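Notes follow the structure.
Per chain, numbering begins at 1; letters A, B, ... match sequence-line order. These numbers come from the heavy atoms of this one structure, side chains and all, not from hydrogens, waters or symmetry mates. Everything numeric here is computed off the predicted structure, so don't read it as measured data.
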Amino acid sequence: MLLFNDYRKMILDGIAAIYSDVRETDLTLDRSGHGDLTLRAFSLMKSHSVEAGKLAEDIKKELLPGGYIESIEVLGGYINFRLSTAMLMKAISAELDGTGRYPDVFQDPERVSVEHTSTNPTGPIHIGRIRNSIIGDALAKLLQRYGYRVTTQYFINDSGRQVASLYAGYRRFAGNKPLTTENLLKAYQEMHQETERNPDAEKDVDQVLREYESGNPQIMDSIRNICSVILGSINSTLEKLGIRIDDYTWESDFIRNGDVKKVLEQLSEHIREEDGALYVQSGDRKMFLTRNDGTSLYFSRDIAYHLYKMENFDWIIDVLGENHKEHARHIKYVMKNLLEKEARMDFVFYSYVSLETGKMTTRGGNIVTADELIDRAREEALSVVKAKRPDLPEDRLQEIANAVAVSAVRFHIGKLNANKQMVFKWSEALSLEGDSAPFIMYSYARAASILRKAQESRGDLSSHYDECESRLIKKMYLYPYALQEAVFGLKPEVLANYLLELTRTFNDFYSTCPVISAPDEERNRRIYILRAYTAIVKDAGTILGIRMLEEM
RNA sequence: GGGCCCGUGGCCUAGUCUGGAUAAGGCACCGUCCUUCUAAGUCGGUGAUCGUGGGUUCGAAUCCCACCGGGCCCGCCA
């Protein structure tokens with residue numbers, strides 16, 4: 001089927017046939033409500049010394065016979081084009097009826113790796129880190145929807161200083177306590193305080209690192225064990241949010257299987273030494289690969305990881321906190337310039353989430369965990385749904401509250417531009433109205449409710465559409481465009497904002513276009529519109545982690 | 001000190017890539033609409049010199065320069 005951009009291209013070609021100097025960027029999607037597409041005629045008026053009216057007359061002669069344009073009108077220096085609503089609606093429903101989904105045009109066989117979360121297994125995941133997971137998962141599902149073969153990846157740091165410190169802390173402070181995330185976190189925080197008081201404690205950590213790296217089986221087992229416990233709780237949090245990681249890769253595996261050594265060999269001609277520690281020069285930075293005691297550093301392990309990903313994927317995407325920007329730049333430099341590995345590599349960075357009281361640190365203990373946020377959102381949702389739906393049984397209320405809570409949390413964090421710093425506020429995070437997931441879900445539930453009640457009808461789509469129908473159809477027609485924009489920019493929030501716009505447009509339709517009580521012909525086509533609407537909302541919701549409910 | 005990101009009504013955001021029509025939403029506040037398909041909704045109202053100052057342009061929230069404010073980075077941490 002033809003997408004919005006295809007029509008844009010057709011119109012552009014038509015104009016170029018008469019006025020070859022038309023600038024591509026002057027024909028855009030119209031957001032002002034004057035048309036569907038608009039041509040800014042200023043430069044053509046100037047270069048041809050004619051009025052916009054004359055341009056429009058010529059363009060009409062060229063384009064109107066094509067049949068897909070309903071009208072071409074001049075307003076000021078703009079020439080506005082309206083596409084035929086009937087044509088767009090027929091295209092959408094043909095696609096839906098034929099393939100079961102709209103759009104069904106994207107297909108890209110490339111294998112894509114999306115690495116996200118990858119948070120150190122030193123404690124529960126907090127609302128800052130969960131931003132990584134939420135962006136990453138939406139991105140993965142978005143690319144998947146676009147047709148890519150996507151695998152999500154988690155790189156588990158079980159061989160760095162933080163984890164060694166966690167282990168040393170556990171041994172020192174909690175050796176005989178049960179192995180739980182809570183006890184481990186406490187020991188980690190105690191160890192942090194201990195090293196602040198007594199720098200000698202750091203030597204413990206150094207010793208652990210050396211033994212771990214040299215393959216001391218007892219320490220290896222213990223650390224794996226500890227990391228697995230914490231990873232288990234991280235995973236259960238992710239699971240609540242509907243996030244699944246396909247591949248877990250342990251950093252230490254690259255040490256054990258010799259890949260880190262291979263990295264050093266492959267880089268040998270670029271490697272320099274300083275006091276026994278090895279580094280490569282990247283721009284004006286020395287990027288250290290090993291410590292002077294021979295133990296590996298994150299940089300070399302991450303190079304090994306990216307080499308591994310390059311062997312298995314065509315496109316590598318990493319979602320990282322903004323503090324990793326330099327690291328990422330140097331990784332890219334080493335891969336491309338020193339190892340001469342060419343692969344499509346993109347990094348998506350997000351800014352930090354802070355609390356009103358300041359920044360969060362796991363070691364400092366001032367964090368809001370993602371579990372806490374989900375729990376409180378669930379309580380909030382439950383009290384709302386209980387008040388609104390006293391007719392529903394308790395277990396159904398719980399289900400609804402859960403779906404609302406999880407969706408609200410994901411949307412609240414996922415709709416924001418990743419570059420923006422975020423100050424977390426409970427009142428905003430727990431809001432279930434306005435620009436929120438429940439706002440979208442509620443509209444979906446209303447549409448679903450009408451579809452349940454309205455009689456099945458399979459009449460032909462008529463050619464006349466009322467304004468409220470037409471606006472919704474045209475917004476729906478932009479769904480593939482929104483998907484594309486989100487994919488090209490690696491910006492799931494673009495889709496989130498589209499979904500809000502679509503919902504507002506639907507609400508307008510809902511309040512002005514009765515369906516069930518409408519005469520046959522009108523009802524038929526409105527049922528078609530509702531089917532398309534629910535399909536699109538569900539589709540987009542799945543990508544963003546919003547769970548649509550048939551009733552709420 | 002150097003580099004990257006952010007700055008849009010009282011608060012939170014969209015729009016910035018690719019310059020164009022009265023700057024689009026939400027929260028809060030004031031008012032409206034449940035005997036009509038679910039009021040987690042609708043409609044209307046108050047409220048913005050788009051951080052500041054220059055520049056480019058017929059036209060700047062958007063591009064360029066400088067400055068101010070906030071975040072992140074500049075480890076043999078990750």
Work out how far the [atom1] atom of [N] is from that of [M], and round it to whole angstrom.
| N | M | atom1 | answer |
| --- | --- | --- | --- |
| B:G3 | B:G41 | P | 46 Å |
| B:C30 | B:A21 | C1' | 31 Å |
| B:A66 | B:C72 | P | 24 Å |
| B:A48 | B:G15 | C1' | 14 Å |
| B:C65 | B:G2 | P | 15 Å |
| B:A23 | B:U42 | C1' | 24 Å |
| B:U16 | B:U62 | P | 12 Å |
| B:G45 | B:U49 | C1' | 23 Å |

Between [options], spot the one nearest the side chain of [X], thanks.
| X | options | value |
| --- | --- | --- |
| A:His327 | B:U18, B:C72, B:A78 | B:A78 |
| A:Asn419 | B:G41, B:C6, B:C12 | B:C6 |
| A:Asn120 | B:A78, B:C74, B:A21 | B:A78 |

>> Let me spell it out: for each of A:Gln162 and A:His34, pick the nucleotide of RNA chain B with the closest heavy atom. Which residue's pick is nearer the 5' end?
In response: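 Closest to the 5' end, via its nearest nucleotide, is A:His34.
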
> Closer to the 5' end of RNA chain B via nearest nucleotide, is it A:Asn417 or A:Lys46?
Replying inline: A:Asn417

> Run the side chain to side chain donor-acceptor pair (under 3.5 Å) check on A:His306 and A:Asp318 step by step: do they pass?
Replying inline: CA-CA 10 Å; A:His306 280 84; A:Asp318 295 355; 2.6 Å; yes

Distance-only donor-acceptor pairs under 3.5 Å for side chains of residues 287-295 of chain A, two or more places apart:
from     : atom 1 : to       : atom 2 : distance (Å)
A:Thr290 : OG1    : A:Leu278 : N      : 3.2
A:Arg291 : NH1    : A:Thr295 : OG1    : 3.0
A:Arg291 : NH1    : A:Ser296 : O      : 3.4
A:Asp293 : OD1    : A:Thr295 : N      : 3.0
A:Asp293 : OD1    : A:Thr295 : OG1    : 2.7
A:Asp293 : OD2    : A:Arg210 : NH1    : 3.3

> Yes or no on salt bridge (charged side-chain N to carboxylate O under 4.0 Å, His left out) for A:Glu326 and A:Arg285, after CA distance, side-chain angles and deciding distance?
Replying inline: CA-CA 10 Å; A:Glu326 286 299 298; A:Arg285 282 270 328 258; 5.2 Å; no

> Does the pair A:Thr117 and A:Asn132 meet the rule for a side chain to side chain donor-acceptor pair (under 3.5 Å), with working shown?
Replying inline: CA-CA 5 Å; A:Thr117 310; A:Asn132 189 317; 4.6 Å; no

Any side-chain N or O of [X] under 4.0 Å from OP1/OP2 of [N]?
| X | N | answer |
| --- | --- | --- |
| A:Asn497 | B:A14 | no |
| A:Lys420 | B:G7 | yes |
| A:Lys359 | B:C72 | yes |
| A:Arg291 | B:A78 | yes |

> To the nearest Å, how far apart are A:Glu24 CD and B:G19 C1'?
Replying inline: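 Value for this atom pair: 16 Å.
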
> Nearest-Å distance, CG (A:Leu289) to C1' (B:G75)?
Replying inline: 14 Å

>> Both atom distances under 3.5 Å, Watson-Crick or G-U wobble: I'd like the secondary structure of RNA chain B as a dot-bracket string, with | for pairs made across strands.
In response: (((((((..((((......[...)))).(((.(.......).))).....(((((..]....))))))))))))....

>> Can you build the contact string for nucleotides 23-40 of chain B? Use B for base contact, S for sugar-phosphate-only contact, and - for no protein heavy atom under 4.0 Å.
In response: --BSS---------BBSB

>> I want to know whether A:Tyr298 and A:His327 have ring centres closer than 6.0 Å.
In response: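 They qualify: ring centres under 6.0 Å apart.
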
>> Out of the candidates A:Arg504, A:Arg526, A:Glu467, only one should pair with A:Phe509 under the side chain to side chain contact (heavy atoms under 4.5 Å, CB included) rule; please name it.
In response: A:Arg526

Can you check whether [Y]'s main-chain N or O pairs, donor with acceptor, with [X]'s side chain at less than 3.5 Å?
| X | Y | result |
| --- | --- | --- |
| A:Arg8 | A:Leu27 | yes |
| A:Arg129 | A:Ser118 | no |
| A:Tyr498 | A:Lys475 | yes |

> Where does B:C27 land, syn or anti, given syn is within 90° of 0?
Replying inline: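 Anti, angle beyond 90° from zero.
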
>> Hydrogens and angles aside, do A:Arg329 and A:Ser282 bring a side-chain donor and acceptor to less than 3.5 Å of each other?
In response: no

